[in-house]
Amino acid sequence: MASGRLRGRIQPLGSRAVRTKPAARAKPTGRKRGAAPGSSGFTSGYPTGRDAREAVASALAAAKADGRKILIDFGANWCGNCKAADEVFATRGVGALLDASYHVVKVDIGGSDSAAFSLLGNYCTGEGAYKMPVLVVLDGNGKVLTETHSTGNPDLTEAGLGAFLRTWA
């Protein structure tokens, strides 16, 4: 193998070695109301040309129906911190937490879309430059529970983002 790691174990069988499959990993538990893997709506990157207000309205309707929160992730496809957060959101543990507790809406603020910035302004207090990603958590009624423009971003690690998401789930 190119990586130098074996995926499975080699056990002797008579005079020849036989590769066995690795043990199956435990499946995540604790999903709310039948949340399926990928049900949060998380995707890597930020969609361009999408009506963000419509996406938030759709997430709000879904949250009212299933009791999950809404995570709005404002960022840009060229943003290094946003890419780092995406990698963490895509991990098994944080992904399961998103699927169980959140509807995710990603909004591209990396271009000249004034509607996206206007939407961001609806949820964040204060003015000035935004440190991306800006994460906003809403309840099912659209009330802002937290936003990282004011509080600062958690560590963009599995532990940091996981703790942030568990706090507001």
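For the pair Asn77 (side chain) and Gly45 (backbone), a donor-acceptor distance under 3.5 Å is absent. Under a 3.5 Å cut-off, the side chain of Arg68 and the backbone N or O of Ala62 do not form any donor-acceptor pair. In this structure, the side chain of Tyr102 engages the main chain of Leu165 through a donor-acceptor pair within 3.5 Å.
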Apply side-chain contact (heavy atoms from CB on, under 4.5 Å) to residues Trp168 and Leu71 and explain how you reach the verdict. CA-CA 10 Å; Trp168 301 105; Leu71 174 67; over 6 Å; no
Asn81 vs Asn153, side-chain contact (heavy atoms from CB on, under 4.5 Å): CA-CA, chis, key distance, verdict: CA-CA 10 Å; Asn81 283 342; Asn153 275 325; 5.7 Å; no
Check the pair Asp73 / Asp86 against side-chain contact (heavy atoms from CB on, under 4.5 Å), numbers first and verdict last. CA-CA 10 Å; Asp73 178 357; Asp86 270 0; 4.2 Å; yes
Worked check of side-chain contact (heavy atoms from CB on, under 4.5 Å) between Val144 and Leu138: CA-CA 5 Å; Val144 176; Leu138 307 176; 3.7 Å; yes
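The shortest heavy-atom contact between Leu60 and Ile70 is CD2-CD1, 3.5 Å. The two atoms that bring Ala116 and Val107 nearest to each other are CB-CG1, 3.8 Å, heavy atoms only. Of all the heavy atoms in Leu161 and Pro154, the pair that sits closest is CD2-CG, 3.6 Å.
Note that the CE atom of Met132 and the CH2 atom of Trp78 stand 3.5 Å from one another [nearest 0.5 Å]. Once rounded to the nearest 0.5 Å, the distance linking CG of Leu135 with OG1 of Thr148 reads 4.5 Å. For the atom pair Arg92 CZ and Glu158 CD, the distance stands at 11.0 Å (nearest 0.5 Å). Atom-to-atom distance recorded for Tyr46:OH and Lys106:NZ is 4.5 Å, nearest 0.5 angstrom. Distance check, rounded to the nearest 0.5 Å: CD of Glu87 to OG1 of Thr157 gives 12.5 Å.
Under the ring-ring contact (aromatic ring centres under 6.0 Å, His included) criterion, Phe89 pairs with Phe42, sequence neighbours left out. Considering only residues two or more places apart in sequence or on other chains, Ser58 meets the side chain to side chain contact (heavy atoms under 4.5 Å, CB included) condition with none of them.
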